[in-house]
Amino acid sequence: MPGPGNEVIGQEEIQELLDVMKSGYLFRYGSLDDPKYKKKVYILENEFARYCGVKHALAVTSGSAALIVALKAIGLQPGDEVIVPAYTFVATFSSVIFSGGIPILTEIDESLNIDPKDIEKRITPRTKAIVPVHMLGNSCDMDTIMAIAKKYNLKVVEDACQANGGSYHGKKLGSIGDIGAFSLNIFKTITAGDGGLMITNDTDLYKRAFGFHDQGHSPSRSGVEVGQRNILGLNFRMNELTGAVALAQVRKMDDIISTLRSKKAKLKSAIADIPGKKFRTLNDPDGDCATLCTVIFEDVAKAAQVAKKLGTTTVDRSGWHVYANMEHVNHWLAERNLPHDKGAYPQTDDILSRSVNLTVGVVDAGLGASFGINIHSTDEEIDIVAEQFREVYS
Ligand SMILES: *Cc1c(COP(=O)(O)O)cnc(C)c1O
């Protein structure tokens, strides 16, 4: 069982998909006069932009593609430094590297997101951008991050791949910085199997991103625009099949999130009184996607013992999202004499060694999240899980 969107796939997705299949036309561009052209990707972009309260959305093939397109749009040059958290999915690092930049790893705080206090220490004359990652469905401290970006004239690309539908002080995540990036892989809030979305309020950035995602063309082209292509691009275009499923899923986002929020609130209150632990800091509790519930213990040994008894692991030992466990990234950093081995980010190591992720809507052993509840859990099942946690703890 992966993310919540995947769990609620139903008639709506089937209908949208059949609409495309029956037309027999699968490419994202077409003629508006042609009844075969169902423009699902186009509608998806418009609805998602409206959902996020921004001017532009661009559909792409993955969250990684959304990040690369975003970094290209802001004009990242070879050797530019990009500030990223030490706790994130590998794609945050690799998208910076494949865009020609150098990821500069930064400590996290007890929100499990990038620590703004550590950001300023990492800024150099080569710093071009900050990529705050809204990990596990929750916002970074965006007010402080945006103030730092303004002070040093840096671009902000929000990696909202794990936080689609979340918000911060009333604004949708991804809409606060210059560009926001989202993923539609099956572990995320909503899914189309794979796929991605990018949003921005800046029309110039949108045009650059669009061109980069489609061989230099401008938005909504109907033909090949020989003579008018200003930038060199690649192909990260979404097809109509993916667009159809993603469209049905976007329309389910608010239901998914409100369901998860009520289940998470029940789980949290059932274990709130247990001493020796706290919950992860939420920079805006009202904007939580509620896909996961992170418990932070006072004691490292206690955290490890509880995790083991629950059949899961502390976050530092989950394979996928912790800098020290990414040997492929670490080889790259080591060749450039950049800090990488376990111990290089002691504050991050300490917090993650005391953290356990309980599942709410996302079940992903790669996040150290294999124990907890899911989007279908009944009140009774939530009580059982809370009781198991209590027993193991004492
Ligand atoms: C999932 C994820 C991505 C990449 O998404 P893909 O669609 O798998 O390419 C990027 N960053 C973070 C933080 C993610 O969790």
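Residues take their numbers from the sequence shown, with the count starting at 1. Basis for what follows: all heavy atoms, side chains included, without hydrogens, waters or symmetry-related copies. Remember, it's 1-based here, ligands and their atoms both numbered in the order they're listed.
Taking the six-membered ring where the residue is Trp, Tyr345 and Tyr323 present perpendicular rings, their angle passing 60° and hence far from 30°.
The six-membered or imidazole ring of Phe48 lies near that of Phe182, with a centre-to-centre distance under 6.0 Å. Outside the 6.0 Å centre-distance limit, the rings of Phe236 and His213 are not counted as a close aromatic pair.
Looking at His134, Lys188, Met135, it is Lys188 that brings a heavy atom closest to atom 2 (C) of ligand 1. With distances taken over non-hydrogen atoms, the option nearest atom 10 (C) of ligand 1 out of Ser183, Gly196, Cys161 is Cys161. Closest heavy-atom approach to atom 12 (C) of ligand 1 within the set Phe89, Tyr87, Phe187: this belongs to Phe89.
At a 4.0 Å cut-off, not a single heavy atom of His321 sits close enough to ligand 1 to count as contact.
Across Pro116 and Ile148, no two heavy atoms sit closer than the pair O-CD1, 3.6 Å.
Looking at ligand 1, you'll find an N or O of Gly63 within less than 3.5 Å of one of its N or O atoms.
Put simply, the residue from Glu16, Glu240, Glu45 that forms a side chain to side chain donor-acceptor pair (under 3.5 Å) with Lys40 is Glu16.
Per-residue contacts place Val133 under 4.0 angstrom from the following atoms of ligand 1 (heavy atoms of the residue considered): 13 (C). Residue-ligand proximity, Ser62 to ligand 1, at heavy-atom distances under 4.0 Å covers atoms 7 (O), 9 (O). Close approach to Thr88 involves these atoms of ligand 1, each under 4.0 Å from a residue heavy atom: 13 (C).
Ion pair Lys309/Glu391 not flagged as a salt bridge, since none of the NZ, NE, NH1 or NH2 atoms sits closer than 4.0 Å to an Asp/Glu carboxylate oxygen. Comment: Arg208 does not engage Asp204 in a salt bridge, judged by the lack of any side-chain N to carboxylate O separation of less than 4.0 angstrom.
Atom 11 (N) of ligand 1 has as its closest protein heavy atom Asp159 OD2, 2.8 Å. In terms of protein heavy-atom proximity, atom 9 (O) of ligand 1 is closest to Ser64 OG, 2.5 Å. Ranking protein heavy atoms by distance to atom 8 (O) of ligand 1, first place goes to Asn185 ND2, 2.9 Å.
Contacts between Ala91 and ligand 1 below 4.0 angstrom, taking non-hydrogen atoms only, involve the side chain exclusively.
Between Leu32 and Tyr37 there is a side-chain heavy-atom pair separated by less than 4.5 Å.
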